[in-house]
**Q** 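Sharing a structure, written as structure tokens. Questions coming.
For the numbers below, each heavy atom of this structure counts, side chains included, while hydrogens, waters and symmetry mates do not. By convention here, the first residue in the shown sequence is residue 1.
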Amino acid sequence: MKITLFINALLGLLISFNAVSAEPTGVIIETDMGNDIDDALAMDLAYKAMDEGKINILAIGVHKLSPTAADYVDILNTWYGYGAIPIGRSQTPVYNQHQRDYTIPVCAMRDSKRKALWKRSKQGGDFEDPVTLYRRVLAARPDTSVVFVSLGFGTELAKLLQSGPDDISPLSGRDLVRQKVRYLSIMAGSYGAKQRAEYNVVNDIPAMQIVFDRWPTRIVQNPFEIGPKVKFHGNKVDELFTWTKKHPVIDGYKYYMKMPYDRPTWDLLSIIYITHPELFSESEPGRVEVNSKGYTFYTPDENGNVVWLTSSDSQLRELDRYIMQTISRKPKKFKNN
């Protein structure tokens, strides 16, 4: 009996040690920051997961045609205490004229002395070519250790897959992804009762066709339908953020639409999946085809590399609680200055 108790205690210590010493998941995030406020809200969750030691943001790529999208990401990195995170800015950004770009007014904010309100960590020349950045980051990482997150269009992911060997790595982009990436967590597509050409896909159809056809590792697809079922509650902003007078995400939220409003959480869910997969249900494996009009078609296939997500009522309630509780929490490195 004493030996059994000793062995059980030893096993418990080993499990605890492994849980504490486990390396955070390396994450690369792709975003069309400025098109919808859910990108900014998703980044808050990513920084909070970094605060908790669950993930390590290795790089952030921006691919919206905007004069301030990359600058806004730099503001976020700096404000949350992670100014050293490298930022890629697309040389072929995707244009969409129908979305209000909240990054412009936030980046232009001034203090009482008319100086820039938000601190930055980078100058314009510090923004890199995303594919070069991703190849460098991937080449330096252990095999199957990186999770890619796509919160926008596919332009840079497609270019990465099509990239060839270079001074960074003798591998093609597709082979480099196959060797280094565990899976791609992507907000894209639609499988609801009403067929729709989802925003991220229809605005970048050729690139998304390449991504779904050629991505060599597992794809976890977060389709349109879950996001509207879980919303960020704008009417709670004033009561939940009394701990600061300025907040680059909440200020962006206020600029994006007339307050108060609730916003679906599309992009947030692809971040949450990394650390809380239990809040989702997965389809059986399959394959996805993107047609010429931007519609996605899923076909079950036991050899396929795509699963798509749903959430039960209980999972949706927990997602709602987690999102509001996490975003309203002070960042670990917060300084009220």
Side-chain angles (χ1 to χ4, degrees), residues 25-31 38 42 45-46 49 54-55 138 143-154 157-158 160-161 174 177-202 204-205 207-230 264-291 294-319 322-323:
T25 300
V27 174
I28 297 174
I29 301 175
E30 272 270 303
T31 170
D38 61 337
L45 296 181
K54 294 179 178 179
I55 71 170
L138 291 174
D143 291 353
T144 64
S145 67
V146 177
V147 171
F148 246 105
V149 182
S150 176
L151 307 180
F153 309 127
L157 296 182
L160 172 62
L161 292 175
R174 192 162 186 253
V177 168
R178 180 184 287 110
Q179 181 173 314
K180 302 293 184 175
V181 175
R182 193 183 312 166
Y183 63 88
L184 167 64
S185 179
I186 186 171
M187 195 280 121
S190 173
Y191 302 116
K194 177 184 177 182
Q195 191 178 30
R196 69 174 68 237
E198 188 272 323
Y199 179 85
N200 288 342
V201 179
V202 76
D204 202 15
I205 294 171
M208 281 298 192
Q209 289 175 328
I210 291 171
V211 171
F212 278 102
D213 182 58
R214 301 195 62 198
W215 193 266
T217 71
R218 189 170 185 254
I219 297 176
V220 179
Q221 186 183 7
N222 160 30
F224 173 88
E225 282 70 30
I226 312 178
K229 297 178 182 179
V230 187
T265 57
W266 292 293
D267 288 347
L268 288 70
L269 304 177
S270 291
I271 293 291
I272 295 172
Y273 178 83
I274 302 171
T275 54
H276 293 283
E278 74 279 1
L279 298 182
F280 302 90
S281 301
E282 299 180 3
S283 72
E284 59 183 311
R287 300 188 183 278
V288 170
E289 177 187 356
V290 179
N291 76 2
Y295 292 88
T296 49
F297 296 92
Y298 164 83
T299 302
D301 182 343
E302 63 180 10
N303 296 315
N305 67 325
V306 181
V307 297
W308 57 277
L309 302 177
T310 58
S311 286
S312 66
D313 289 343
S314 61
Q315 288 171 324
L316 291 172
R317 288 192 295 271
E318 183 59 20
L319 281 167
Y322 175 80
I323 287 168

**Q** Any idea which heavy atoms bring V181 and T217 closest together, and the distance?
**A**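 That would be O-CG2, 3.2 Å.
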**Q** Does some side-chain heavy atom of V177 sit less than 4.5 Å from a side-chain heavy atom of L184?
**A**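 Heavy-atom side-chain distance check fails, nothing below 4.5 Å.
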**Q** Taking the side chain as every heavy atom from C-beta outward, state whether Y191 and T310 have any atom pair closer than 4.5 Å.
**A** no
**Q** Is the ring pair Y199/F153 parallel, tilted or perpendicular, if the boundaries are 30 and 60 degrees?
**A** tilted
**Q** Hey, could you give me the CD/CG distance between E225 and L309, rounded to the nearest 0.5 Å?
**A**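 CG of L309 is found 11.5 Å from CD of E225.
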**Q** Of all heavy-atom pairs between A46 and I29, which one has the smallest distance, and what is that distance?
**A** CB-CD1, 3.9 Å
**Q** Please list, chain by chain and in numerical order, all residues satisfying ring pair (Phe, Tyr, Trp, His ring centres under 6.0 Å) with F212, sequence neighbours excluded.
**A** none
**Q** Would you mind listing every salt bridge (charged side-chain N to carboxylate O under 4.0 Å, His left out) that reaches into residues 279-289, with sequence neighbours excluded?
**A** R218-E282, R287-D301
**Q** Yes or no on side chain to side chain contact (heavy atoms under 4.5 Å, CB included) for I271 and I55, after CA distance, side-chain angles and deciding distance?
**A** CA-CA 10 Å; I271 293 291; I55 71 170; 5.7 Å; no
**Q** Judged by atom type as modelled, is there a donor-acceptor pair below 3.5 Å linking the side chain of S185 to the main-chain atoms of S270?
**A** yes
**Q** What's the shortest heavy-atom distance between V201 and G294, and which atoms?
**A**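 Nearest pair, atom of V201 first, then G294: CG1-O, 3.4 Å.
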**Q** Could you go through S190 and Q195, starting from their C-alpha distance and side-chain angles, then the distance that decides it, and tell me whether this counts as side-chain hydrogen bond (donor to acceptor under 3.5 Å, both in side chains)?
**A** CA-CA 7 Å; S190 173; Q195 191 178 30; over 6 Å; no
**Q** Quick one: pull up OG in S150 and CE in M187 and give me the separation to the nearest 0.5 Å.
**A**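 If I round to the nearest 0.5 Å, the distance is 9.5 Å.
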**Q** Working to the nearest 0.5 Å, report the span between CG of L151 and CG of L268.
**A** 8.5 Å
**Q** Could you tell me whether a side-chain N or O of Y298 sits under 3.5 Å from a main-chain N or O of P285, the two making a donor and an acceptor?
**A**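 Indeed, once roles are kept as given, a pair shorter than 3.5 Å links the two residues.
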**Q** Using a 4.5 Å cut-off on heavy atoms from C-beta on, say whether the side chain of I226 contacts that of W308.
**A**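 W308 does not reach I226 side chain to side chain.
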**Q** Can you tell if the side chain of M208 reaches within under 4.5 Å of the side chain of I186, non-hydrogen atoms only?
**A**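 Touching, per the 4.5 Å side-chain cut-off.
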**Q** If the plane angle is over 60° it's perpendicular, under 30° parallel, otherwise tilted; pick one for W215 and F148.
**A** perpendicular
**Q** Look at the side chain of N200 and the backbone N and O of A188, then say whether any donor-acceptor pair between them is shorter than 3.5 Å.
**A**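 Answer holds: no.
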**Q** Quick check for you: to the nearest 0.5 Å, what is the distance between R196 atom CZ and T296 atom OG1?
**A** 11.0 Å
**Q** So with a 6.0 Å cut-off around CD of E278, is the heavy-atom count from everything else above 12?
**A**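 Yes, the 6.0 Å shell around CD holds more than 12 heavy atoms from other groups.
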**Q** Can you spot which of I28, I274, T31 makes a side-chain contact (heavy atoms from CB on, under 4.5 Å) with V149?
**A** I274
**Q** Begin with the C-alpha distance, continue with both residues' side-chain angles, and end with the deciding distance and a verdict on side chain to side chain contact (heavy atoms under 4.5 Å, CB included) for K180 and D143.
**A** CA-CA 4 Å; K180 302 293 184 175; D143 291 353; 3.3 Å; yes
**Q** Please confirm whether the backbone N or O of T265 pairs with a side-chain atom of D38, one donor and one acceptor, at under 3.5 Å?
**A** no
**Q** Verify side chain to side chain contact (heavy atoms under 4.5 Å, CB included) between T275 and T25, making sure each step is shown before the conclusion.
**A** CA-CA 9 Å; T275 54; T25 300; over 6 Å; no
**Q** Sub-3.5 Å donor-acceptor pair from the side chain of R174 to the main-chain atoms of P216, do we have one?
**A**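 No, the answer is negative, given that no donor and acceptor are paired below the 3.5 Å cut-off.
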**Q** Please determine whether side chain to side chain contact (heavy atoms under 4.5 Å, CB included) holds for the pair K229 and Q315, giving the CA-CA distance in whole Å, both sets of side-chain angles, and the decisive distance to 0.1 Å.
**A** CA-CA 11 Å; K229 297 178 182 179; Q315 288 171 324; over 6 Å; no
**Q** What pairs with Y295 under ring pair (Phe, Tyr, Trp, His ring centres under 6.0 Å), at least two apart in sequence or on another chain?
**A**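 Here no residue qualifies.
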**Q** With a 4.5 Å limit on heavy-atom distance, are the side chains of Y273 and V220 in contact?
**A** yes
**Q** Nearest 0.5 Å, please: how far is CG in L319 from CZ in F280?
**A** 5.0 Å
**Q** Is a side-chain donor or acceptor of S311 paired with a backbone partner of L316 at a separation under 3.5 angstrom?
**A** no
**Q** What distance separates D267 CG from I272 CD1, expressed to the nearest 0.5 Å?
**A**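 The CG atom of D267 sits 11.0 Å away from the CD1 atom of I272.
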